[in-house]
Amino acid sequence: MSTTGATADPLATLGSLPGVAESVETVRKAVDRVYGHRIMRRRSNAVTSEAALRGARGSAALSGADWALEEVRRRTDFSADAEARVVGGALRLTAEAGQLLSIWRQSPLRVLARLHLVAAASEGPETGRPRQAGEAVDEPLVELPLPDAPEVSGRLEGLADLIIAGSAAPALVTAAVVHGELLALRPFTSHNGLIARAAERIVLIDSGLDPKAVCPAEVGHGELGRAAYLAALEGYVSGTPEGMAAWIAHCGRAVELGARESTAVCEALQRGAA
């Protein structure tokens, strides 16, 4: 999303695209249903914990490590192979996201750098900073054209400026743009998909739409599938009003499905089955 020559609040402009208001309203109703469940008054921490686990599993699946939930739950060693490292990175990012809320609106680029450090769990020179000219990107599941380093730098700065300035746009719109822009840019040498989805989570929590993190969009993205995810991302990258609206609607559907998942968790907890 280029911000050159944009209005004072380009995110709010996106909120007026055809169909976006309906997506926003549908998401709000889905979130409200979870928060209105009687189990949330007594065991919201348990729902949050389960949502975090399921969200991490969904995010890892989109990055090529499609493990069963019970395998994610029981495993303790996430260093054995490439898939295990992806799952481990997703779990670490989900845990870290809630610790970065106080920094996000003041220094989103600092948060993104921290997310890369957490996901990569390494101390290489490329870790924790945007990629430089000539550095390769390990993101095989996203095959869209890769912006060069100067474009990445400029667009990251633009995205950070939008977040710091704040917006009247609905939380869903902001979350979708942050997610889409990070996937389009792939600003780090690795783990960009995991980071983009973690950043979406941060926006949804920080905005107040999902303050207890019980509506994991990552679950919905995983359930909708990689093909639909990448098709919607192509719409975002196109920059057309129709493409942008379709991406926002896709993200909205993902939040809805995450809310549905946690509603099921609440029902299970109420029955004493989980």
Side-chain angles (χ1 to χ4, degrees), residues 23-63 65-76 78 87-102 104 111 115 118-119 170-172 174-176 178-179 194-225 250-274:
S23 292
V24 168
E25 181 61 21
T26 301
V27 165
R28 168 54 69 187
K29 289 179 179 177
V31 173
D32 285 349
R33 279 195 292 272
V34 179
Y35 279 84
H37 198 286
R38 62 194 306 178
I39 209 73
M40 287 292 293
R41 294 194 294 270
R42 298 182 287 111
R43 301 190 63 184
S44 64
N45 288 343
V47 181
T48 296
S49 296
E50 189 64 18
L53 183 73
R54 295 180 185 218
R57 195 216 72 82
S59 189
L62 283 174
S63 285
D66 192 0
W67 288 14
L69 179 62
E70 291 310 313
E71 175 68 8
V72 178
R73 196 189 304 279
R74 74 164 190 83
R75 184 74 74 95
T76 57
F78 295 98
V87 176
L91 288 166
R92 291 191 299 273
L93 284 175
T94 301
E96 187 77 7
Q99 309 303 313
L100 299 171
L101 298 176
S102 63
W104 175 250
V111 169
L115 292 177
V118 170
L172 172 64
T174 303
V178 168
H179 184 171
L194 295 180
I195 291 166
R197 292 183 287 275
E200 179 185 48
R201 167 182 284 266
I202 288 172
V203 174
L204 294 172
I205 298 170
D206 180 66
S207 67
L209 177 63
D210 183 21
K212 294 183 182 291
V214 295
C215 301
E218 305 97 320
V219 167
H221 287 304
E223 185 172 336
L224 290 168
H250 183 87
C251 291
R253 181 60 179 152
V255 177
E256 289 178 60
L257 291 171
R260 186 181 71 178
E261 185 89 352
S262 284
T263 299
V265 170
C266 287
E267 293 294 326
L269 288 169
Q270 186 166 279
R271 295 192 304 269

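If you read the sequence from its start, that first residue is 1, and numbering goes on from there.
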With a 4.5 Å limit on heavy-atom distance, are the side chains of [X] and [Y] in contact?
X: C215; Y: L204; value: no
X: T94; Y: L53; value: no
X: R75; Y: V72; value: no
X: V111; Y: L101; value: no
X: L224; Y: R253; value: yes

First locate atom [atom1] of [X], then atom [atom2] of [Y], and finally report the distance between them rounded to the nearest 0.5 Å.
X: T263; Y: I39; atom1: OG1; atom2: CD1; answer: 12.0 Å
X: C251; Y: L172; atom1: SG; atom2: CG; answer: 7.0 Å
X: L69; Y: E50; atom1: CG; atom2: CD; answer: 6.0 Å
X: C266; Y: Y35; atom1: SG; atom2: OH; answer: 10.0 Å

What residues, two or more places apart in sequence or in another chain, satisfy salt bridge (Lys or Arg N to Asp or Glu O under 4.0 Å) together with [X]?
X: R33; answer: none
X: E223; answer: R260
X: R92; answer: none
X: E218; answer: R201

R38, CZ: over 12 other non-hydrogen atoms inside 6.0 angstrom: no
Taking only residues two or more places apart in sequence or in another chain, which ones pass side chain to side chain contact (heavy atoms under 4.5 Å, CB included) with D66? R57, A61
A217 versus A254, closest heavy-atom pair with distance: O-CB, 3.5 Å
Less than 4.0 Å between a side-chain N and a carboxylate O, is that true for E25 and R28? no
Go through the structure and list residues passing side chain to side chain donor-acceptor pair (under 3.5 Å) with S59, not counting sequence neighbours. R197
Over 60° means perpendicular and under 30° means parallel, so classify the ring planes of W67 and F78, tilted if in between. parallel
